[in-house]
2 protein chains.
Amino acid sequence: MARQVKIKDIAQMAGVSAGTVDRILHNRGNVSSKSREAVEKVLAETGYKFNIHTSAVSLKKAYKLVIAIPTAIDGEYWGTVRKGIEHALDEYSDIAIDCEYAFYNQFDIFSCRNSFRSIAEKKPSAVIIGATFASETVALCRRLDKEDIPYVFVDSVIDKTNPSETYSSDQNACGRIVGRLLNLFTPKDAELAVFGSRRIGNERANNSMTRMKGLMEYFGSLGYRRIIKESRISVQEPEESKKDIIRFLEDNPAVKGIAVLNSRGYIVADSLAACGIKDIRLVSFDLTVNNIRCVKDGTISAIICQRPELQGFHAVKAIIRTLLYNIKEKNVHHFMPTDIVIKENLPMYKEIYVE
Amino acid sequence: MARQVKIKDIAQMAGVSAGTVDRILHNRGNVSSKSREAVEKVLAETGYKFNIHTSAVSLKKAYKLVIAIPTAIDGEYWGTVRKGIEHALDEYSDIAIDCEYAFYNQFDIFSCRNSFRSIAEKKPSAVIIGATFASETVALCRRLDKEDIPYVFVDSVIDKTNPSETYSSDQNACGRIVGRLLNLFTPKDAELAVFGSRRIGNERANNSMTRMKGLMEYFGSLGYRRIIKESRISVQEPEESKKDIIRFLEDNPAVKGIAVLNSRGYIVADSLAACGIKDIRLVSFDLTVNNIRCVKDGTISAIICQRPELQGFHAVKAIIRTLLYNIKEKNVHHFMPTDIVIKENLPMYKEIYVE
DNA sequence: CCATTGATTGTGTACGTGCACAAAATTAGA
DNA sequence: TCTAATTTTGTGCACGTACACAATCAATGG
């Protein structure tokens, strides 16, 4: 293992002291342009890398990380994101990171507004944002930009913001995946149905709409026609939706495959089970407890999973990179792999996602 | 963040010096039973954890890691395992680990024997083993056990060995996954075919046989009968196998779904393409370059991927845990999640996501 | 030209562990 | 009982970085 270049080496090569190199590496200011140029030249030449371990050892400042995401319930989407966050914090437990959650109700814009407004007052070193409402998020980001506080997005991207990094999945591709699965799962002459969300101005509904677009793109590219019934039913609350779903199926008896483009696939599955329908293939999103139950009992054929845990995990790692090593990425978008989960590989993912 | 307990704290509480605690933590011997008891009591009470960073900083000894796996070709299975290994070594590049590969030809037991025999002479601190031949592996492990050198398995498990940990995937479950996919992909009245390996006494062929068992279990549990033609063709070399495959398909025109239980799915795909057959659904294993090509052009419907890079990555992390922190797991078996890869989520997996 | 101020640079210590070596305690031998 | 050998215990330094503080340099005004 080649001996690594140290700050002292850099200092010697640039003809300055270690303190000056330190100031440059950490943007502490008070450095003459002459020194800066000399040091930066040597840094580039040597490809200097921080030693993560000694950095962590010497670090005295406690960073404050604020995590602004929808209420995280165990076994649901944001609960799993939080697990990934906590996993990463645990792995870096030797670094002093004070962590504070700022939860909000993802269906209530006022709750989001209140939560987001309090964030700047907490004087965070960095923020992880799970965005739902575009306008509120833009307002928060503008303020963070002004105070030069780095932030990272998980799950969604919001326009007109400047996150260091974003961890999300490719929703259009998710839609195309669902398309191909339904196409593979059903005979060519069978009809298909799609259920999405109707809510507008809400990013999670945007996700649903992007998935819809991807799904339609897939079927458009097939070279032959498949009949797709686009349902206007908004699958949100179990009891309200059930009747609508059953009526829809009575009206469309040739439907043999259904895509539910949000995480409420279990509601449709339960409706089907209630009618005793068994020959319809169902595909939905997210490994929530309810969906897991349906995959196990066979009423859902496949779940598309977007690695919420991995998103949270990587978001924290990105923050640590930014804070400790001063590596400021600008708007880098990382797409998570998208998993297809069926009954047989479910236990393997449960080990990772749920427990 | 709660202040962590230090070695000095432990020493003070136990009424000994830090040196004594150090000796106990690292099994360096020369400790009276009285001191040992006192310290171990305090260690248990406080739940002492090593500080990974300061450990790494102070570590002066260079560890030697030997990696005994089949020849690792980029874009093939073991090449991807190696990528995961190198990724982990890179992440821990601040720890001095001298790494030496001991490749062998996975189809040649003599090559394996020669390679494995040289390992003990290298005086490794730890070994990562990708096993193929049971007898040779048992011999190697026996020797490592005797010299108290920890080792970790990737990909396969071999009986009568004592690895600290094993990272592999559940081959039986893989077989069941393939079964369900083919069942979902084809009409009930269509015939199915299975291609495996014939080679005996070779662990990779054992993998193939375990998958076969899982596949049959799945179809046995269905509640209705599907016709499955079990081909005796050993899909190994492209040109030799092609003719056999084509003849098999001519003899079995009702076959509409095929499982290839090793990584040579592309050979069957190419054979189908050569005959102009387009309505057969094909499922195979491992994201090799050739299989990737076939998933892209649609001749393979799905690939089962066992996260080879994650296996390699975790194996190295396990070794580091063992060497640095003296955490000696005994025979812990970790199953990797098993991914279903189709054309649409393929690009996401191509970008390697470790951890 | 000197004093004062502010900008820039250099120096020293702490962080917690690993490990070498010195010191002390115990045991063995005569 | 005294010495030598051996076991056990304690001490101190190094690792590379962060950060506080001291030292030096340049600029400005009188």
Side-chain angles (χ1 to χ4, degrees), chain A residues 1-39 43 46 48-63 92-97 125 320 323-327, chain B residues 1-39 43 46 48-63 92-97 125 320 323-327:
Chain A
M1 198 115 309
R3 179 151 183 73
Q4 81 170 354
V5 183
K6 299 171 286 185
I7 287 184
K8 268 190 181 170
D9 299 330
I10 301 285
Q12 204 186 351
M13 286 188 254
V16 298
S17 75
T20 302
V21 177
D22 177 69
R23 274 180 284 273
I24 289 165
L25 285 171
H26 293 89
N27 285 332
R28 293 196 222 278
N30 288 328
V31 180
S32 69
S33 52
K34 195 177 133 226
S35 301
R36 160 156 276 124
E37 276 165 36
V39 170
L43 284 174
T46 55
Y48 174 78
K49 269 175 68 181
F50 283 87
N51 181 323
I52 168 169
H53 301 295
T54 48
S55 290
V57 168
S58 310
L59 195 69
K60 285 176 193 78
K61 186 167 65 178
Y63 291 111
Y92 287 91
S93 60
D94 296 321
I95 299 175
I97 299 180
S125 324
I320 289 175
L323 293 180
L324 259 73
Y325 312 129
N326 206 36
I327 299 168
Chain B
M1 199 119 306
R3 179 148 184 77
Q4 82 169 352
V5 183
K6 299 173 285 184
I7 288 184
K8 268 190 181 171
D9 300 330
I10 301 285
Q12 204 187 351
M13 287 189 253
V16 298
S17 74
T20 302
V21 178
D22 176 70
R23 272 180 286 272
I24 289 164
L25 285 171
H26 294 89
N27 284 333
R28 294 195 222 280
N30 289 328
V31 179
S32 69
S33 52
K34 193 177 134 230
S35 301
R36 158 157 279 122
E37 276 165 36
V39 170
L43 284 175
T46 55
Y48 175 77
K49 268 175 69 180
F50 284 87
N51 180 324
I52 166 168
H53 301 294
T54 47
S55 290
V57 168
S58 311
L59 195 69
K60 287 178 191 76
K61 185 167 66 177
Y63 291 112
Y92 287 91
S93 61
D94 296 322
I95 299 174
I97 299 180
S125 324
I320 288 174
L323 293 180
L324 258 71
Y325 312 129
N326 207 35
I327 300 167

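Following rounding to the nearest Å, A/Leu59 (CG) and D/dG16 (P) show an atom-to-atom distance of 18 Å. D/dT17 atom P lies 19 Å from atom CG of A/Leu323, rounded to whole Å. Note: NZ (A/Lys8) to P (C/dT11) measures 10 Å, nearest angstrom. If you take CD of A/Gln12 and P of C/dT11, they are 12 Å apart, rounded to a whole angstrom. The separation between B/Asn27 atom CG and D/dT8 atom P is 15 Å, rounded to whole Å. Between the CZ atom of A/Arg28 and the P atom of D/dT17 there is a distance of 13 Å, rounded to whole Å. To the nearest angstrom, P of D/dG16 lies 13 Å from CD1 of A/Ile10. Put simply, CG on A/Asp22 is 10 Å from P on D/dA20, counting in whole angstrom units.
When distances are taken from the side chain of B/Ser55 to each of C/dT9, C/dG18, D/dG10, the shortest belongs to C/dG18. Closest approach to the B/Asn30 side chain among D/dC15, D/dA18, D/dT7 is made by D/dT7 (side chain taken as heavy atoms from C-beta onward). Listed nucleotides: C/dG10, D/dT9, C/dT9. Nearest to the side chain of B/Ser17: D/dT9. With D/dT17, C/dT17, D/dT9 as the choices, the nucleotide that has an atom nearest any side-chain atom of B/Ile7 turns out to be C/dT17. Comparing C/dA14, C/dG18, C/dT8 by their nearest atom to the side chain of A/Ser32 picks out C/dT8.
Of the residues near DNA chain D, B/Ser58 and B/Gly15, the one whose nearest nucleotide (by heavy atom distance) lies more toward the 5' end is B/Gly15. Along DNA chain C, the nucleotide closest to B/Asn51 and the one closest to B/Ala18 are compared, and the more 5′ of them pairs with B/Asn51.
Inter-residue side-chain proximity for A/His53 and B/Thr54 is flagged as unmet; no heavy-atom pair is nearer than 4.5 Å. Within the 4.5 Å cutoff, the side chain of B/Ile320 has no heavy atoms near those of the B/Tyr63 side chain.
Each of B/Val21, B/Val31, B/Asp22, B/Leu25 was evaluated against B/Val39; a single residue qualifies, B/Val21, per the side-chain contact (heavy atoms from CB on, under 4.5 Å) test.
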key: Check against side chain to side chain contact (heavy atoms under 4.5 Å, CB included), A/Lys6 and A/Ile10   = CA-CA 6 Å; A/Lys6 299 171 286 185; A/Ile10 301 285; over 6 Å; no
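Side-chain N or O atoms of B/Thr20 include none that pairs as donor or acceptor with a backbone N or O of B/Val16 at under 3.5 Å. In this structure, the side chain of B/Ser58 does not engage the main chain of B/Ser55 through any donor-acceptor pair within 3.5 Å.
At the heavy-atom level, A/Val31 lies under 4.0 Å from the strands shown only through sugar-phosphate atoms.
Distances shown here put a side-chain N or O of A/His26 below 4.0 Å from the OP1 or OP2 atom of D/dA18. Using a 4.0 Å cut-off, some side-chain N or O of A/Tyr48 falls inside it from OP1 or OP2 of D/dT17. Contact check, B/Ser35 against D/dT9: a side-chain N or O comes under 4.0 Å of OP1 or OP2.
One cannot find a donor-acceptor pair under 3.5 Å joining the base of C/dT17 and the side-chain atoms of B/Thr54. Donor-acceptor pairing under 3.5 Å, judged by distance alone, is present between the side chain of A/Arg23 and the base of C/dG10.
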